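Okay, structure first, notes after.
By convention in this document, chain letters (A, B, ...) are assigned in the order of the sequence lines, proteins followed by strands, and residues within each chain are numbered from 1. None of these values were measured; they are calculated from a predicted model.
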Amino acid sequence: MATVSQNSKLGNVLWPALAWIIALVFFFPIFWLVFTSFKTDADAVKPEFLFFFTPTLENYTNMTQNYDYWRFATNSVITSSFATLFALVVGVPAAYAMAFNPSRHTKDILMWMLSTKMLPAAAVLYPMTFLTKNMLGIYDTHFLVILVLCLINLPIVVWMLFTYFKEIPKEIIEAGKMDGVSTWGEIKDILIPLAWGGIASTALLTFIFCWNEAYWTVRLTTIDAATLSTLIEGNRAPEGLFFGRLAAVSTAAVAPIVILGWFCQKQLVAGLTFGAVK
Amino acid sequence: MTSLRNTALGLAMGIASASVAAADGHTELTIAIVNNGHMINMQKVAEAYTADTGVALNWVSLEEGVLREQVTSDTATGGGQYDIINIGMQEAPIWGAAGWIEPLEFGAEYDVDDMLPAMRNGLSHEGTLYAAPFYGESSMVMYRKDLTEAAGVTIADNDSWDNVKAAAAAMHDPDNGVYGACLRGKPGWGDNMAFVTTVVNSFGGAWFDADMRPALESDEWKAAINFYVDLLGNYGPPGSEGNSFNEILALYNEDKCGMWIDATIAASFLENDNVAYAQSPNAGNPVGANWLWAWAMAVPTGSPNSEAAHDFIEWATSKAYIQAVGNHPDFGWGSVPTGTRASTYAIPEFQAVAKFAAAEMAAIESAAPAATDIKPYVGVQFAAIPEFPEVGSAVAQEIAAALSGAKSVDEALAASQAAADAIMSEAGYY
């Protein structure tokens, strides 16, 4: 008994300590990024100034004065929000159909959807540019960025929602059907309330993916629809990386998403572990 | 259901209408720039241009590689995305020859003959100017006079590498945090290879032979890389394979470098008053011992505002622009873009603040980008061929590996030769 108790005590110390170490390792890049953003470019590359330095807001002043941060941030909010919304509007009925009315091709369709994520983006850069600029005339518009973000995240949205919906007993949906509820009623009044945690976490993850998307947002925009990814990209200078300046821009770009994730972490964890211990 | 449909339709229409730019008849120029200090300053100085002409300017700052990719994909799809682009000396003649950028012609007032000949030639193809420089540079030696005097050594213009190495050894005092020579080691065709190529040139080597086959295992390359690894390995700061312009600038300003051989623009950032300048060293061949680079402005073919774009470039690279920066309350004569016009170096206010001016101009004037018997390509620290960035990047990794000791010089050069050979062969040079 004494051994079990000692082991248990040791475990009580070791596991939290390990958890803290892992958390600190993961947190360090964020800490370093924020710290560096308050250093001058010269101090940022000096190892002896890692922790002790004179903080400056110079990089943030430069960012707001020389770069239109708020324009980029507004575009990121608009495009990520609407892309997430539209992905859910399409994804929820699609996942509903596949989860509760599967056909013999459902699995193939799901695999095909996922396989579209395997296409190298660079392979379709030229057709995308030609199509959107020369044929459709929607290059550098919010509409295009929303459309692209929505489409590239749709496979993940459908897959995640499908997994959550599969956890809901089919009988509940069928009971609704027996009571004469329409398909839309089943989704709105039964499915969405039951799978709310999963839908919320899917929405949050999709929003994060949209926010962080850089390849297409940089290449399909110029001025009007350019997002924070473009702002970060534009701060890589030909003389090398100016770490202080780049850290300030990166901090300002990731801050909204980190804050959002912080406030929604309960929903995020609840959604991600939905059905995991069933 | 109907209300949901209406809401969705309303949202879609709202987004679509918000995305359509208002066409109000004013000329708007979209300018793609690299994040260079002079270009950032230009955005403020150009507010006066907009006020005078009514031409609105939209600035798009892009990373160098993304900018190249954007411009090439834009050109391939008929252009129109940008009216003006920033390009470097490596691309200007290639893109001009390919018809991707428009030839530039300016009025008599522009005084194109005032442009430094090296810059004008480097940005031209078959005598036609395709890009106008807004900032140019060469490379030179910057060293601590107090340390050379204390050590009893001198560094002369176009000194021999052996003498420079002896001076580095004499100043090297790692116990007190002073390193004899701080040089670029971070891998990248524009990082370590810019400097390394000038060393190779000065040893009489070249990237390619007359048939454009890589010549990276030649005796000259072996001698140059052995010298570079020896100099930087023995008398450089630790971890030099991670150092490029910014890192060395920080080290130099902390008084940790006896000498630094790098871009002439570095001189304007040095804080130590004891700095002296010398023209780049060589090992018998002074041709190509100092590099030449310019950031320039060009009009991509397909710009819908070509005429207005030409007018803006004419203003932004003119003598009047230099005066506008010098007299601007936010900038001053220490911030004027240098290395483009001879007349800049004759301005008394500029001379008063830029002690490096004479050395910089001498370096730019002596830079030799033209093809020679030794190197059959245009360019000093690069070859003006489309494949060079790929070749340069591959070799850069190997040279950094040799510097860090992960590979021997011979192994690194053999791997470099194989990589370069594969790229050039695939590109159809032979």
Side-chain angles (χ1 to χ4, degrees), chain A residues 40-49 62 65-68 78-79 82 85-86 89 122 125-134 137-147 182 184 188 218-219 221-226 230-243 245-246, chain B residues 1 4 8 11-12 14-21 28 30 32-37 40-41 43-44 58-67 69-70 73-74 76-78 80-82 86 88 186 188 190-191 239 243-251 253-254 263 265-266 269 271 293 295:
Chain A
T40 61
D41 283 318
D43 284 351
V45 291
K46 295 175 187 169
E48 62 270 34
F49 283 86
N62 172 53
Q65 282 180 354
N66 292 333
Y67 305 94
D68 197 353
I78 291 173
T79 54
F82 281 105
L85 180 69
F86 291 151
V89 166
L125 177 60
Y126 173 76
M128 278 291 281
T129 309
F130 184 77
L131 190 73
T132 57
K133 199 176 74 169
N134 299 41
I138 54 171
Y139 192 90
D140 192 25
T141 60
H142 290 108
F143 175 74
L144 173 62
V145 178
I146 291 168
L147 187 69
S182 65
W184 170 238
K188 185 168 68 87
V218 168
R219 284 159 183 84
T221 64
T222 307
I223 300 280
D224 296 334
T230 310
L231 178 64
I232 296 175
E233 196 68 55
N235 268 275
R236 289 166 60 188
E239 293 94 348
L241 296 178
F242 290 90
F243 285 106
R245 199 190 308 168
L246 203 52
Chain B
M1 190 69 187
L4 183 77
L11 281 173
I15 295 162
S17 60
S19 301
V20 176
E28 278 191 24
T30 304
I33 59 168
V34 289
N35 199 318
N36 174 291
I40 303 300
N41 293 352
Q43 295 177 39
K44 271 197 178 162
N58 295 319
W59 304 87
V60 185
S61 180
L62 292 167
E63 188 271 328
E64 201 179 330
V66 176
L67 189 142
E69 194 184 291
Q70 286 269 52
S73 79
D74 183 43
T77 52
Q81 192 177 337
Y82 300 110
N86 273 179
K186 187 188 270 184
D191 290 300
N243 289 349
S244 195
F245 183 89
N246 289 334
E247 291 81 4
I248 302 174
L249 178 64
L251 285 170
N253 280 336
E254 283 178 80
I265 187 71
F269 300 124
E271 292 162 7
W293 184 255
W295 278 109

Looking at B:Lys44, B:Gln43, B:Gln81, which makes the most heavy-atom pairs under 4.5 Å with chain A?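 Greatest number of close heavy-atom pairs with chain A: B:Gln81.
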If you measure from [atom1] on [X] to [atom2] on [Y], what distance do you get to the nearest 0.5 Å?
X: B:Phe245; Y: B:Lys186; atom1: CZ; atom2: NZ; value: 12.5 Å
X: A:Ile232; Y: B:Glu63; atom1: CD1; atom2: CD; value: 13.0 Å
X: B:Ser61; Y: A:Leu231; atom1: OG; atom2: CG; value: 8.0 Å

Salt-bridge contact A:Lys133-B:Asp74 (side-chain N to carboxylate O under 4.0 Å): yes
Can you tell me which of A:Val145, A:Thr129, A:Thr221 forms the most heavy-atom pairs within a distance under 4.5 Å of chain B?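 Ranked by contacts with chain B, first place is A:Thr129.
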Selection from A:Glu233, A:Arg245, A:Lys188 maximising heavy-atom pairs under 4.5 Å formed with chain B: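 When all of A:Glu233, A:Arg245, A:Lys188 are compared, A:Glu233 has the most.
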With a 4.5 angstrom heavy-atom cut-off, is it the side chain or the backbone of B:Leu249 that approaches chain A, or both, or neither?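 No part of it gets close to chain A.
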